[in-house]
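Just so it is clear: chains get the letters A, B, ... in the order the sequence lines come, proteins before strands, and each one is counted from 1. Fair warning: this is a prediction, and the values are worked out from it, not measured in the lab.
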Protein chains: 2
Amino acid sequence: MGRREAGKADRRVRIIQAARDLIRETGNPGLSMRALASRAGVSLATPYNLFGSKRAIVLAVLQDVKAFHQRFAEVETSDPLERLLVAVEMQIALYLDDPVFYHTVWTAMFDLSDSVRTTFYNPRRDSFWQGLIAQAAQADAIAPEIDQDLLLRQLDHHFRSTLMDWVLGEIEPRALTPTVRLGYALILKGACMPQWRPALHLRILESQAELRDHHASRDRRPQAEQGPTP
Amino acid sequence: MGRREAGKADRRVRIIQAARDLIRETGNPGLSMRALASRAGVSLATPYNLFGSKRAIVLAVLQDVKAFHQRFAEVETSDPLERLLVAVEMQIALYLDDPVFYHTVWTAMFDLSDSVRTTFYNPRRDSFWQGLIAQAAQADAIAPEIDQDLLLRQLDHHFRSTLMDWVLGEIEPRALTPTVRLGYALILKGACMPQWRPALHLRILESQAELRDHHASRDRRPQAEQGPTP
DNA sequence: GGCATTCTTATAACATGTTATATTTGTGAG
DNA sequence: CTCACAAATATAACATGTTATAAGAATGCC
């Protein structure tokens with residue numbers, strides 16, 4: 001690896017930094033490829049050579065952020081199901097800490113126009129959550145006949161949809177946490193061993209109450225005059 | 001309403017028809033606004049006057065399709081939870097009957113770049129599902145302390161995410177039904193009264209087995225070399 | 001029937017993601 | 001040092017969603 005590769009890596013870094021800065025400053029709208037190239041001090045063609053597409057760049061930015069796992073390492077909760085709930089709540093909290101940035105990044109994540117196979121699931125993320133679920137299974141909290149991979153997939157589905165609601169503006173930020181918690185608790189209650197049900201049921205009721213409060217404190221969602229009937 | 005409105009309505013219909021035909025013939029790629037306008041025999045500006053954006057048009061196409069509720073009316077199952085599962089499976093079946101078309105339509109649905117407030121939830125759809133859930137609750141299948149609206153939202157989340165996996169190509173078509181069924185069964189098991197759990201548990205195991213078969217019969221999902229770590 | 005309004009049309013233009021081309025620059029190897 | 005190669009650059013071009021503008025036609029009202 002001579003200086004050729006080094007130069008390339010440097011350009012990659014500059015592009016990612018420029019993208020992150022532009023997103024932080026202006027949100028999605030400010031991040032045009034021309035603005036990005038100019039800010040990174042490269043030509044318009046270079047980001048395409050190095051990343052392939054705009055979406056790939058935004059996702060590289062997201063990948064560059066890795067504060068989460070460190071934060072979570074400090075949590076000590078013995079209850080294995082509770083650990084799952086806490087972990088997912090912390091993730092939401094991370095996003096709400098920097099809403100403009102994550103809103104943009106997740107919007108790109110949900111952008112289907114592009115064929116970049118990014119997959120929401122990647123080894124690092126998967127293994128983290130698989131670990132939590134495996135722990136729960138070993139602690140006899142999750143029924144042994146439940147497939148752990150599939151369970152994780154179900155939890156992810158719910159997580160993603162809730163985030164999508166947020167990106168679409170169909171959910172208020174403060175409803176994010178209870179919504180996610182409610183979904184996780186419901187699914188986990190369906191997958192857990194009988195003796196763990198009461199605790200999860202409590203979490204369900206808590207989340208419901210929280211959501212009802214929010215709902216009560218604002219007007220009804222405006223009726224969409226036209227909508228699909230899937 | 002004079003002929004002015006009639007002409008407008010006619011143009012609207014022609015545009016929706018042209019859009020549907022183009023989607024059916026070529027999928028998304030063939031549906032450019034210029035092609036659409038030409039096919040509908042109107043100028044490029046007209047679709048924008050009448051609908052506002054491309055996404056709005058595609059969604060109008062989706063709204064135009066309403067075969068589902070009629071089909072479902074013929075189903076007779078006494079078990080109220082089973083009715084929910086059957087309903088959602090029928091919906092999936094509807095999509096798989098005409099995959100190119102629905103793939104395109106759902107891709108548009110998931111397109112966030114546009115500000116059209118379509119909402120996945122609309123009165124007609126909501127009331128259908130709310131009815132099924134209310135029936136289940138009246139039959140003592142769903143615990144009374146569970147909020148029915150929130151439960152429906154959770155089910156929808158799962159449905160949407162699974163469809164998104166399909167649109168993204170992260171899931172095979174034949175895995176769609178068991179995936180959705182698994183999620184519904186898990187969530188419903190978390191929300192149901194105790195005596196209904198065994199039946200749902202059975203459905204969970206069934207779905208898992210089906211999914212494992214699919215999984216076993218193909219190579220591992222290709223590892224994404226780079227992915228985000230949300 | 002004549003006129004004003006409203007909407008379509010035709011057309012151009014713009015923004016932006018993306019690709020292609022040709023030129024230049026820097027690097028590594030002999 | 002020199003040369004060949006690889007990759008970046010500058011630049012143009014393309015596709016497409018969308019908007020703007022001016023002109024023209026249909027409609028409804030008097």
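The side-chain contact (heavy atoms from CB on, under 4.5 Å) check on B/S38 picks up nothing, with sequence neighbours excluded. With sequence neighbours left out, B/R34 forms a salt bridge (Lys or Arg N to Asp or Glu O under 4.0 Å) with no residue at all. Residues satisfying the side-chain contact (heavy atoms from CB on, under 4.5 Å) test with B/A35, not counting sequence neighbours, are B/L22, B/S32. Taking the ring-ring contact (aromatic ring centres under 6.0 Å, His included) definition, one finds that B/F51 meets it with nothing, sequence neighbours left out.
If you take CG of B/L50 and P of D/dT18, they are 14 Å apart, rounded to a whole angstrom. We find that CG of A/L31 is positioned 11 Å from C1' of C/dT16, with the value rounded to whole Å. What separates CG of A/D10 from C1' of D/dA8 is a distance of 13 Å, to the nearest Å. Here D/dT18 presents its P atom at 13 Å from CZ of B/F51, a figure rounded to the nearest Å. C/dA15 atom C1' lies 11 Å from atom NZ of A/K54, rounded to whole Å. Distance B/Y48 OH to C/dC14 C1': 13 Å, rounded to the nearest Å. We find that CZ of A/R12 is positioned 12 Å from C1' of D/dA7, with the value rounded to whole Å.
Within residues 32-46 of chain B, the residues that have a heavy atom under 4.0 Å from DNA chain D are, in order of number, B/S32, B/M33, B/R34, B/L44. Within a heavy-atom distance below 4.0 Å of DNA chain C, no residue of residues 15-27 of chain A is found.
Look at A/R181 and A/E210 and you find a salt bridge, because one of the NZ, NE, NH1 or NH2 atoms lies within 4.0 Å of a carboxylate O, short of that distance. A salt bridge does not link A/D149 with A/R153: none of the charged nitrogens is closer than 4.0 Å to a carboxylate oxygen.
When the side-chain nitrogen and oxygen atoms of A/N49 are compared with OP1 and OP2 of D/dA8, one or more of them lie within a distance under 4.0 Å. For the pair B/R4 and D/dG28, the criterion of a side-chain N or O lying under 4.0 Å from OP1 or OP2 is not met. For the pair B/K8 and C/dC7, the criterion of a side-chain N or O lying under 4.0 Å from OP1 or OP2 is met.
At least one side-chain heavy atom of A/W129 sits under 4.5 Å from a side-chain heavy atom of A/L84. B/I15 has its side chain out of reach of B/R39: every pair of non-hydrogen atoms, C-beta onward, lies at least 4.5 Å apart.
Within 4.0 Å (heavy atoms only), A/I57 reaches no atom of the nucleic acid at all.
The structure places CE of B/M164 at 5.5 Å from CZ of A/R160, a figure rounded to the nearest 0.5 Å.
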